[in-house]
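Input: a single structure, listed below in structure tokens.
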Amino acid sequence: MRTLVIGGGAAGASAAARLRRLDDNMEIIILEATDEISIANCGLPYYCSNVINSREKMIVSSTKRFKDLLNIEVRLNSKVTKINRKEKTVVVNNSETIQYDKLVLTPGANPVIPNVKGINHPNIFTVRTLRNADDIKSVLSNNAKNAVVIGGGFIGVEMAENFVHLGLNTTLVELSNQILAPVDTEIAAHAQNEMRRKGVNLVLSDGLKEVDGNDIVLNSDKRIPFDIAILAIGVRPETTLAKECGLKIGSLGGVKVNKYMQTSDKNIYAAGDSVEVEDFVSGKDTLIPLAGPANRQGRIIADNIKGIKSTYKKTQGTAVVKVFNLTVANVGNNEKQLLKSGQKYLKTFIIKPSHAGYYPDATPTLYKLLFTQKGEILGAQACGYEGVEKRIDVIATVMRNNGTIYDMLDSELCYAPPYSSAKDPVNMMGMHAENIINGFVKPAFHNDLKDSLLIDIREKGTFESTIEGSINIPTSQIRDRLNEIPKNKKVVLFCNTGFQSYVASRILLQRGYTNVYSLSGGIELYNILKENEKAEKELTLA
């Protein structure tokens with residue numbers, strides 16, 4: 001029996017390796033169109049800046065290793081130009097025909113390259129291959145001073161950070177009003193503040209119009225000089241072969257597969273960046289070009305080729321990115337996705353230290369949780385300096401096992417002062433959500449403070465700044481100053497992070513107030529958003 005694998009990236013290599021472990025006699029051939037196989041794509045930005053200082057470290061495996069260890073034949077520079085489903089053959093480089101019994105289609109995705117004037121400038125690059133990175137390093141070594149990154153996704157943000165690491169004057173341009181589309185504006189604002197503090201010139205709500213000489217020209221007609229520029233606008237699934245041979249393509253442009261990663265042809269499987277998968281939260285088709293799911297899908301394909309009924313159980317979109325000293329992580333859907341799908345949801349923010357506050361060097365982390373009235377977890381996001389991905393991983397695991405906010409509340413997690421608190425942030429998010437569901441607190445958010453009476457419930461002398469227009473009634477005095485708090489107007493209580501205002505709101509709610517809210521995330525989140533708003537306003541006026 002012969003299995004051909006088209007594409008030697010994460011999904012293809014994973015499928016081939018698993019297949020060999022299941023069947024030592026099968027003939028397995030990987031056909032890779034480029035001269036690279038099994039490289040560490042996710043590490044490319046760090047290789048460009050020499051944070052990863054060895055090219056060899058970027059090569060996860062090699063043709064020799066595949067042959068010696070797994071007896072898998074890898075053919076580089078072997079571009080499959082046609083699939084003949086009826087004959088069960090493929091044509092390689094328009095010349096050689098190879099027969100297959102099973103075919104695994106993992107061609108990946110192609111970078112989005114806009115059709116604008118000057119886009120073929122020799123110093124404009126995408127970041128998909130090791131060869132791309134080598135070319136980037138070559139330009140950087142030639143006294144480059146100005147770098148422009150077009151696109152504020154994970155790769156764009158990572159490239160901007162690494163250019164700053166090399167001392168380049170770096171500008172990041174994003175067409176949307178925020179970077180990092182998988183997270184919402186509050187989390188993105190935190191990351192944007194960090195990037196600006198580290199020296200990145202952020203240009204939001206603007207896009208690439210053309211390239212004129214050594215200037216990037218934006219839709220606003222703003223001109224940005226560059227010695228090197230990166231296109232990180234996004235990727236599109238590579239489906240040329242699939243379309244030409246008549247495989248079913250999904251509504252989003254990816255190859256349509258079933259839960260066994262099988263295409264509309266029972267002898268052809270597909271995985272990785274080229275396929276559409278089912279979203280874990282919405283149940284709708286989605287495109288999630290992530291390495292973890294690709295590896296899992298490759299393994300599932302191998303199982304099914306050998307008759308082991310493995311299934312792919314939807315994609316959660318769990319991801320993490322380093323933004324200078326910050327870590328941003330997410331799982332599930334964000335608010336934008338929930339609004340688009342019509343899913344009703346509740347939300348809460350908490351800001352908690354990375355470990356016990358009394359132990360030295362604790363740092364704050366901002367968390368956002370999205371959930372339903374029944375307690376179902378729809379998504380979570382976090383931004384901070386330590387332990388961020390740990391908490392998102394826990395929530396991702398709870399979600400994967402169909403757990404709820406009550407399982408977050410009950411999760412028994414590691415605790416010692418250097419690592420966490422007795423009530424881990426995961427537990428605290430569950431508690432916050434439970435209180436909202438039970439009506440023990442009414443959360444207010446920073447975009448709905450208009451026409452509200454704002455009450456700072458912190459003790460005088462414990463804070464230097466407050467929200468403009470607010471009055472100060474400390475929690476310790478609130479029972480004696482009820483006459484100052486109206487019952488016919490929306491009242492929003494706030495403190496540093498939201499805990500004291502929750503306590504104060506409980507006092508009022510139990511005294512017949514129905515119009516009292518606690519500002520979720522407190523003044524700390526308020527200040528994060530205000531810092532971001534101020535920077536954007538200054539850029540607009542410049």
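Sequential numbering from 1 along the given sequence is applied to the chain's residues.
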Any residue meeting ring pair (Phe, Tyr, Trp, His ring centres under 6.0 Å) with Phe226, in chain and number order, not counting sequence neighbours:
His121
Are the side chains of Ile98 and Leu31 in contact, using a 4.5 Å heavy-atom criterion?
yes
Closest non-hydrogen contact found for Val235 with Arg128 is CG1-NH1, 3.7 Å
Provide the full list of salt bridge (charged side-chain N to carboxylate O under 4.0 Å, His left out) pairs with a residue in residues 336-346, sequence neighbours left out, each pair given once.
Asp184-Lys336
Looking only at side-chain N and O atoms, does Glu536 offer a donor or acceptor that is under 3.5 Å from a partner on Asn532?
yes
Considering all heavy atoms, the nearest Leu168-Ala147 contact:
CD2-CB, 3.6 Å
Would you give the length of the straight line joining atom CG of Asn146 to atom CD1 of Ile224, rounded to the nearest 0.5 angstrom?
10.0 Å
Is it true that Lys198 and Glu161 make a salt bridge, defined as a side-chain N closer than 4.0 Å to a carboxylate O?
no
Could you list all the salt bridge (charged side-chain N to carboxylate O under 4.0 Å, His left out) pairs where at least one residue sits in residues 87-99, not counting sequence neighbours?
Arg75-Glu96
Under the rule for side-chain contact (heavy atoms from CB on, under 4.5 Å), what residues qualify as partners of Ala535, not counting sequence neighbours?
Arg196
Note: Asn325 and Tyr385 closest approach over all heavy atoms is O-CD2, 3.3 Å
Can you tell whether the side chains of Lys256 and Asp285 come within less than 4.0 Å, N to carboxylate O?
yes
Sequence neighbours left out, what pairs pass salt bridge (charged side-chain N to carboxylate O under 4.0 Å, His left out) with at least one residue falling in residues 374-388?
none
Once you round to the nearest 0.5 Å, how far does CZ of Arg131 lie from CD1 of Ile136?
13.0 Å
Using the salt bridge (Lys or Arg N to Asp or Glu O under 4.0 Å) criterion, which residues pair with Lys390? Sequence neighbours excluded.
none
So, Glu276 side chain and Gly254 main chain: donor-acceptor pair closer than 3.5 Å or not?
yes
